[in-house]
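Please read these numbers as outputs of a predicted model, since none were measured by experiment.
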Amino acid sequence: PEVCLRLEVGPNAAVHSPLAVQNGFLHMLVHSYTAELFMSFLTNLGPFLEDEIIPEVIPMEIEVVDAKITLKDDSPQVYPTSPGPVPITLAVDHVIVKRRDDGVFYLTGQQRWGNLFFPQEQKAPAECVLAAPAAGTHGLQLKEVPELQRELQTMKIALAEANMDKARLLQEIRKYNPLFQL
């Protein structure tokens, strides 16, 4: 894993923002980071970060490339017969977090096309052909229709699985409490 940190202060930092001249500009790059964290670590991190004074706004840009964080729930189990929670894995391909002079954090993503990265805000390529607009519609890209149909099928399958899980959980609850009603 790589972590690069750069703090610029003074007249040269004006390239990033006017406030950076006074407070500085922090640029951080995290590349190929892998970690396993317990959920209790994240829940107890809040009080550690609290302060009694309002901190100065430092404009910054944090870039995370190829990171993978696994969160494990270490809280006590409610039901002893439960197999326990499944760890959650957060995989980040390329994300940029920017903090501007107003103190707001902006999160932007990147799309990967082969080995090249393109900003998420880019428009569709020029070779996309628009369908003839029908009355009152704006026309969809021809390439989008099959993709949307596949996504619809995936959502239908996910809904069916969720309904099966719901029925199974209701059956489990009724095993312990036959009078339970939704």
Group every Ile, Leu, Val, Met, Phe, Trp and Tyr by side-chain heavy-atom contacts under 4.5 Å, then state whether Tyr33 and Leu45 land in the same group. yes

Side chain to side chain, Glu61 and Ile96, heavy atoms closer than 4.5 Å: yes

Rounded to the nearest 0.5 Å, what's the gap from CG on Leu159 to NZ on Lys156? Could you check? 10.0 Å

Please check if Leu107 and Met28 belong to a single hydrophobic cluster, counting links between Ile, Leu, Val, Met, Phe, Trp and Tyr side chain heavy atoms closer than 4.5 Å. yes

Is there a path from Val92 to Val3 through hydrophobic residues (I, L, V, M, F, W, Y) whose side chains come within less than 4.5 Å of each other? yes

Heavy-atom distance under 4.5 Å between the side chains of Leu19 and Val21, does that happen here? no

Determine yes or no for a side-chain-to-main-chain donor-acceptor pair under 3.5 angstrom, with Asp73 supplying the side chain and Pro85 the backbone. no

How long is the span from the CD1 atom in Ile173 to the CG atom in Asn177, to the nearest 0.5 Å? 8.5 Å

Please examine the side chains of Ile69 and Thr89, heavy atoms only from C-beta on, and report whether any two atoms are closer than 4.5 Å. no

Reported OG-to-CE distance for the pair Ser75 and Met39, which is rounded to 0.5 angstrom: 8.0 Å

With side chain to side chain contact (heavy atoms under 4.5 Å, CB included) as the criterion, how do Gln171 and Arg174 come out once you've worked through the C-alpha distance, each side chain's angles and the decisive distance to 0.1 Å? CA-CA 5 Å; Gln171 184 180 8; Arg174 287 190 180 118; 5.9 Å; no

Of all heavy-atom pairs linking Val9 and Gly24, the shortest is CG2-CA, 3.8 Å

Val30 vs Val65 side-chain heavy atoms within contact, under 4.5 Å: no

Test item: Pro59 and Arg99 side chains (from C-beta on) under 4.5 Å apart, heavy atoms: no

In terms of heavy-atom contacts, does CD of Gln77 have more than 12 from other residues, nucleotides or ligands at under 6.0 Å? yes

Look up atom CZ in Phe25 and atom CG in Asn12, then write down how far apart they are to the nearest 0.5 Å. 13.5 Å

Does the Asn44 side chain pair with the main chain of Ser40, one donor and one acceptor, at a distance under 3.5 Å? yes

Please examine the side chains of Asp101 and Val57, heavy atoms only from C-beta on, and report whether any two atoms are closer than 4.5 Å. no

Distance, nearest 0.5 Å, that separates CG of Leu7 from CG of Asn23: 10.5 Å

Of all the heavy-atom pairs spanning Leu42 and Leu71, show the shortest one and how long it is. CD1-CD2, 3.5 Å

Validation row: Met60, Ile62 side chains within 4.5 angstrom (heavy atoms): yes

Could you measure the distance from the NZ atom of Lys68 to the CG atom of Asp93? Nearest 0.5 Å is fine. 13.0 Å

Is there a continuous path of hydrophobic side-chain contacts, each under 4.5 Å between heavy atoms, that joins Phe41 to Val86? no

Is the NZ or CZ atom of Arg100 both under 6.0 Å from the centre of the six-membered ring of Tyr106 and within 45° of that ring's axis? yes

Apply side chain to side chain contact (heavy atoms under 4.5 Å, CB included) to Glu63 and His31, showing your working. CA-CA 8 Å; Glu63 191 171 357; His31 193 279; over 6 Å; no

May I have the step-by-step check of salt bridge (charged side-chain N to carboxylate O under 4.0 Å, His left out) for Glu8 and Arg6, ending in yes or no? CA-CA 6 Å; Glu8 296 180 47; Arg6 180 180 179 157; 3.4 Å; yes

If Ile, Leu, Val, Met, Phe, Trp and Tyr residues are connected whenever their side-chain heavy atoms lie under 4.5 Å apart, and connections chain through other members, are Leu5 and Val95 in the same group? yes

